[in-house]
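Since the structure comes first, as structure tokens, the remarks are kept for the end.
In what follows, every heavy atom counts, from backbone to side chain, and hydrogens, waters and symmetry copies are set aside. Source: prediction; values computed, not measured. One-based numbering, in listed order, for ligands and for the atoms of each.
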Amino acid sequence: MSRIALTLSLCLLTLNLMAQEKVVQTAGRDQLGGFAPKFAELNDDVLFGEVWSRTDRLGLRDRSLVTITSLISQGITDSSLVYHLRTARQNGITRTEISEIITHIAFYAGWPKAWAAFNLAKTVWADDTAGEDGLAAFQRSMIFPVGEPNTAYAAYFTGKSYLAPVSSEQVNVSNVTFEPGCRNFWHIHHAAKGGGQMLVGVAGRGWYQEEGKKAVEILPGTVIHIPAGVKHWHGAAADSWFAHLAFEVPGEQVSNEWLEPVSDEQYNSL
Ligand code: MN
């Protein structure tokens with residue numbers, strides 16, 4: 001696929017993902033359905049079902065940011081603020097960010113309101129350690145999921161990586177995310193016929209290197225073709241998170257051979 005065609009299909013995929021983001025809310029009917037059915041319907045079907053769901057116009061994270069700013073500014077620190085703080089966290093606002101957001105609001109809305117909001121936010125983000133912030137921020141820059149920690153292949157990686165299966169039909173495709181400095185060991189994709197691997201940069205900045213050749217930079221949209229039998233490695237730049245799609249090119253008698261790690265000396269000389 002050409003780079004333009006790929007960019008186009010990624011854009012279409014983005015639109016698809018966004019169009020599907022319908023917010024389902026039942027709190028109105030659950031809590032007030034018997035007492036105020038019209039209010040419950042407006043809350044669940046209009047406020048959440050229509051306004052919150054217009055994610056093609058304004059994303060959920062931004063809507064959360066606007067909503068908590070509005071609630072805190074009015075001094076509303078009851079269960080509705082707790083609900084919206086939890087939702088803000090689900091929508092990608094990190095512990096570092098909420099701390100900064102409420103500090104900022106304090107100057108415009110009032111010091112005591114910020115104190116009250118901080119007391120609630122502290123509990124909502126209690127188990128979010130600072131280290132997750134970088135990963136959360138990276139996820140927001142990328143349309144494919146980060147997925148789960150890559151435990152299956154951790155033995156063949158230097159540093160932390162994450163794996164998200166994207167396709168398991170026709171061609172196996174996974175999104176692989178590398179923390180800064182993370183790279184896989186030298187390895188070879190073997191095949192009697194066909195085989196090999198294709199990488200497409202998704203987000204951040206990374207490297208691909210074949211043995212005996214200069215390393216090649218991978219940026220979003222960069223396509224790398226790796227023939228079967230070629231010794232190589234791929235991973236993040238030292239100062240950047242990185243993700244690439246990995247396409248398993250179909251072949252006969254395919255297998256992977258994992259070799260030695262890319263030494264710090266080799267890696268740091270890039
Ligand atoms: Mn490979």
Side-chain angles (χ1 to χ4, degrees), residues 1-3 6-7 9-10 135 138-139 141-270:
M1 208 182 323
S2 76
R3 184 161 169 165
L6 183 73
T7 307
S9 61
L10 288 179
L135 180 60
F138 184 66
Q139 174 66 88
S141 74
M142 174 165 74
I143 60 169
F144 291 105
V146 162
E148 300 297 322
N150 184 9
T151 48
Y153 296 93
Y156 310 116
F157 280 67
T158 301
K160 235 181 178 174
S161 66
Y162 302 81
L163 195 64
V166 171
S167 160
S168 55
E169 286 174 44
Q170 294 185 308
V171 178
N172 277 331
V173 182
S174 297
N175 189 41
V176 189
T177 297
F178 304 76
E179 69 175 355
C182 173
R183 67 272 185 181
N184 51 29
F185 289 11
W186 289 100
H187 62 280
I188 301 170
H189 305 289
H190 288 288
K193 201 177 166 195
Q197 190 181 38
M198 197 177 105
L199 308 178
V200 179
V202 170
R205 195 169 65 88
W207 294 107
Y208 165 70
Q209 188 171 28
E210 291 182 7
E211 189 180 39
K213 292 190 183 173
K214 259 188 88 177
V216 178
E217 188 177 48
I218 309 180
L219 294 171
T222 304
V223 179
I224 301 283
H225 299 276
I226 309 168
V230 170
K231 182 175 169 180
H232 68 280
W233 66 270
H234 26 115
D239 60 353
S240 174
W241 284 83
F242 173 60
H244 65 54
L245 291 177
F247 294 72
E248 257 177 52
V249 181
E252 290 172 18
Q253 296 170 55
V254 296
S255 67
N256 288 340
E257 183 185 0
W258 292 97
L259 303 161
E260 72 279 9
V262 178
S263 70
D264 287 343
E265 200 189 351
Q266 286 173 315
Y267 182 78
N268 293 333
S269 71
L270 294 173

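- For the Mn ion (ligand 1), the count of nearby protein N/O/S atoms, taking only those under 2.8 Å, is 5.
- A 4.5 Å side-chain heavy-atom check between Phe144 and Thr177 finds every atom pair outside the cut-off.
- The aromatic rings of Phe178 and His234 sit perpendicular to each other, their planes meeting at more than 60°, with 30° as the lower class boundary.
- Using cut-offs of 30° and 60° on the angle between ring planes, the pair Tyr153 and Tyr156 is tilted.
- Counting heavy atoms from C-beta outward, Arg183 and Gln266 have side chains that stay 4.5 Å or more apart.
- No option in Phe247, Trp241, Phe242 other than Phe242 meets the ring pair (Phe, Tyr, Trp, His ring centres under 6.0 Å) test with His244.
- Side-chain contact between Asp239 and Arg205 is present, with heavy atoms from C-beta onward closer than 4.5 Å.
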